[in-house]
Amino acid sequence: MATGTEPPATEPRPESGGVRGGTRAAITAPHLRTDRWWLAPAGTAAGLLAFIVYSTWRAFAGADYYAAPYVSPFYSPCLAENCEPMKAGPNWEIFGNWWGISPAIIILIFPLGFRLTCYYYRKAYYRGFWASPPACAVAEPHKKYTGETRFPLILQNIHRYFFYAAIVVAGILTYDTVLAFRDETYAWGHMGLGTLVFLANIVLIWAYTISCHSCRHIVGGKLKHFSKHPVRYRMWQWAGKLNARHMQLAWASLVSVALADFYVYLVASGAFDDPRFF
């Protein structure tokens, strides 16, 4: 029986495989969209690529990441013996003198792992870099689709564990922000432009972390009766409101953490003097 999706006899059948399988609608056109659908995945890919290039450069630089009282979020906490000494700062010399490369490589595994496995970022780089799919109503070019059921994408399921690590890292960055209220001689009562940069960054970091789908599920995802858990229900509602802005918070916090690192780089390299308000 005809379904209305069969092409005319004179029209060649679309290429088989993937979304072109025999069970799909027999449409020869790659897609029927007439708008500039490619702008969103192209812009996403460009933005993520820019951050990858910048963060790779700064992570392997191993220099200009501390200018009292500011420490770059890429290098906090500093877990290697080759870290610059930071008075009352996050110096935890767990890795001895055998660690010769940049100390940022140790700690960046956790926040980057959290973002790489984040539900929004997965959508972003699947579309931007792998075209899987490139956009809504645009067929992906791959002939085979296995989703996240095979290695390496099955590792995306460890996102919740990276969330726990991200909470710890956010707590340490909060401590760094408190230390930013000191001056260059470590006396309290200081506020510079860098202090405001750190404050804006930590607010966005916490907002992005709490808006995570895993956080929302942990807070109230397993509750059967919200009426019996009013506090968790209220927290679940707050997390849900933030979750509705998860994409915006993901980008805003990505930009803010890069700007915070770049600000410390400018001050530590001597290219810029931190303006002091009091």
Side-chain angles (χ1 to χ4, degrees), residues 40 44 47-48 51 71 73-74 76-77 79 88-90 92 107-127 136 147-149 153-182 188-189 191 195-261:
T44 297
L48 292 177
F51 180 81
V71 56
F74 287 4
S76 182
L79 302 180
W92 304 337
I107 193 61
L108 280 181
I109 295 172
F110 301 103
L112 289 180
F114 177 57
R115 289 183 184 265
L116 281 174
T117 58
C118 165
Y119 294 135
Y120 166 70
Y121 280 115
R122 278 144 74 171
K123 167 195 165 184
Y125 64 77
Y126 285 175
R127 290 187 173 188
C136 292
E148 296 175 338
T149 61
L153 295 185
I154 196 172
L155 296 178
Q156 303 282 28
N157 293 318
I158 64 176
H159 175 60
R160 174 175 295 189
Y161 301 101
F162 276 119
F163 167 73
Y164 298 142
I167 289 290
V168 176
V169 172
I172 294 170
L173 295 183
T174 302
Y175 175 71
D176 294 341
T177 303
V178 173
L179 295 183
F181 284 91
R182 303 179 302 174
W188 290 96
M191 174 177 279
T195 311
L196 298 181
V197 171
F198 273 55
L199 279 172
N201 178 58
I202 196 58
V203 169
L204 290 172
I205 289 291
W206 273 114
Y208 165 65
T209 304
I210 296 174
S211 71
C212 171
H213 296 75
S214 291
C215 177
R216 188 167 181 263
H217 179 74
I218 292 169
V219 170
K222 292 185 177 182
L223 296 180
K224 294 182 179 180
H225 304 284
F226 280 130
S227 59
K228 296 181 179 180
H229 305 274
V231 176
R232 291 183 63 184
Y233 175 56
R234 183 59 60 87
M235 294 173 62
W236 180 81
Q237 287 182 311
W238 290 339
K241 291 179 180 179
L242 284 175
N243 183 259
R245 299 287 183 269
H246 194 51
M247 179 185 73
Q248 294 89 335
L249 292 171
W251 280 104
S253 60
L254 193 72
V255 172
S256 72
V257 73
L259 287 178
D261 170 81

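Just so you know, residue 1 is the first one in the sequence shown, and it goes up from there.
Of the residues listed (Lys241, Arg216, Arg245, His246), the one engaging Ser211 in a side-chain hydrogen bond (donor to acceptor under 3.5 Å, both in side chains) is His246, and it is the only one.
Side-chain contact check for Thr117 versus Tyr161: every heavy-atom pair is 4.5 Å or farther apart. Looking only at side-chain heavy atoms (C-beta outward), Ile210 and Leu249 stay at 4.5 Å or farther from each other. A heavy-atom distance below 4.5 Å is not found between the side chains of Ile107 and Trp92. Between Arg127 and Thr44 the shortest side-chain heavy-atom distance does not fall below 4.5 Å.
Taking the six-membered ring for Trp and thresholds of 30 and 60 degrees, Trp236 and Tyr233 have nearly parallel ring planes, at less than 30 degrees apart. Taking the six-membered ring where the residue is Trp, Phe163 and Phe114 present tilted rings, their angle falling between 30° and 60°.
Cation-pi geometry between Arg115 and Tyr208 is met: the NZ or CZ atom falls under 6.0 Å from the ring centre, inside 45° of the normal.
In this structure, the side chain of Asn201 engages the main chain of Val257 through a donor-acceptor pair within 3.5 Å. In this structure, Tyr125 contributes its side chain and Leu116 its backbone to a donor-acceptor pair below 3.5 Å.
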| request: Take Phe198 and Leu173, measure what side chain to side chain contact (heavy atoms under 4.5 Å, CB included) needs, and give me the verdict at the end. | output: CA-CA 9 Å; Phe198 273 55; Leu173 295 183; over 6 Å; no
| task | Given side chain to side chain contact (heavy atoms under 4.5 Å, CB included), test Leu179 with Trp188 step by step and report yes or no. | result | CA-CA 8 Å; Leu179 295 183; Trp188 290 96; 3.9 Å; yes
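More than 12 heavy atoms of other residues, nucleotides or ligands shown are found within 6.0 angstrom of CE on Met191.
Between Tyr119 and His213, the ring centre distance stays below 6.0 Å.
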